[in-house]
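Structure, as structure tokens:
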There are 2 protein chains.
Amino acid sequence: MERDSQTKASKWDELATDWCPVARAMSVIGDRWTLLIVRDCFLGKSRFEEFQKSLGLTRHVLSDRLKRLVDQGVLERNAYSTRPLRYAYSLSEKGRDFAPALVGLKDWGKKHMPIRKPAAA
Amino acid sequence: MERDSQTKASKWDELATDWCPVARAMSVIGDRWTLLIVRDCFLGKSRFEEFQKSLGLTRHVLSDRLKRLVDQGVLERNAYSTRPLRYAYSLSEKGRDFAPALVGLKDWGKKHMPIRKPAAA
DNA sequence: AGATAGAGTTCTCTTATGGAACGAGATAGC
DNA sequence: GCTATCTCGTTCCATAAGAGAACTCTATCT
């Protein structure tokens, strides 16, 4: 990832223009973290540090994913403080509409991915 | 990716043992291709070449993802020919149970990710 | 003044991906 | 019996993305 506009078409962009709506969805959430950020938003988190602590991803990647989510219109970025300029992220309607898919994934994970201990080997 | 067993915990393994079922689901499908392979299975595809042509991903990555899906029990690999030994992939019950999540993503993609032309700029 | 906090950036190192060529088992054509 | 083709991969190299930690900048707390 880490793409910017003026680069030649990557696999990501190909997905974004695919005939299949699932593929187009994957062009937004087809990585390890994006959907978990959205999940955290559903759980009430809204700030950079909250996401970072909750997910344990690198700040670099988090920064990139938040930008992409805002670009895609899944999240909105609003200043919650002006005089140290600080932003909070919240779900847009597009983001809130993720709920059914997220529930589907939650149910699948609950049923088919039992918690296993972190490899006590 | 490309992990094997005797390596120290990566972010992928951390997700696999997360308390959140969505995170555990992401440890399986949290990349660009895996879910699309599953989708292709739902659409009746079952063979290496079919996936490769359909998705346009590299053979290397396809090979890796199929292995992971079989390891995870999402797909089953059955020989459909013994005497050139050939395998076909098909959904297990675990894989078929992905249907609701897939439908959720499809609906979201359909509603919020309109098809746009491949950048006629 | 010094320590804390929030939201990022910048740096280096490692891992994953893309692209294309190569391999191996078997059948089909000539 | 030699070459071509089909399938299902593997190997190799260059590039892109990720991990981890340090650093910036504004501002408030003590």
>> Can you measure Asp64(A) atom CG to dG20(D) atom C1' for me and round it to whole angstrom units?
In response: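 The distance from CG of Asp64(A) to C1' of dG20(D) comes to 17 Å, rounded to the nearest Å.
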
Among [options], the nucleotide that comes nearest once only the side chain of [X] is considered:
| X | options | value |
| --- | --- | --- |
| His60(A) | dG18(C), dT10(C), dC8(D) | dT10(C) |
| Tyr80(B) | dC8(D), dG9(D), dT9(C) | dC8(D) |
| Arg83(A) | dA27(D), dG18(C), dA16(C) | dA27(D) |
| Arg32(A) | dG9(D), dT17(C), dG18(D) | dG18(D) |

For this session: Report which part of the nucleic acid Lys67(A) touches: base, sugar-phosphate, or nothing (heavy-atom distance under 4.0 Å, all strands).
Result: sugar-phosphate

Practice task
For Phe51(A), answer base if it contacts any base atom (sugar-phosphate contacts may also be present), sugar-phosphate if it contacts only those atoms, and nothing otherwise; contact means non-hydrogen atoms under 4.0 Å.
Solution key: nothing

Closest to the 5' end of DNA chain C, once Glu49(A) and Glu14(A) are matched to their nearest nucleotides, is Glu49(A)

Practice problem: Assign each of Pro84(B) and Tyr87(A) to its nearest nucleotide of DNA chain C by heavy atoms, then name whichever residue's nucleotide is nearer the 5' end. | Solution: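 Nearest-nucleotide comparison on DNA chain C picks Tyr87(A).
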
For [N], does OP1 or OP2 lie under 4.0 Å from any side-chain N or O of [X]?
| X | N | result |
| --- | --- | --- |
| Lys11(B) | dG20(D) | yes |
| Tyr89(B) | dG9(D) | yes |
| Arg47(A) | dG8(C) | no |
| Arg86(B) | dA24(C) | no |
| Trp33(B) | dA16(C) | no |

Answer with yes or no whether Arg59(A) presents, from its side chain, a donor or acceptor under 3.5 Å of a partner atom in the base of dA7(C). yes

| query | Leu55(B) and Trp33(B): which non-hydrogen atoms are nearest, and at how many Å? | reply |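 Result for this residue pair: O-CZ3, 3.7 Å.
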
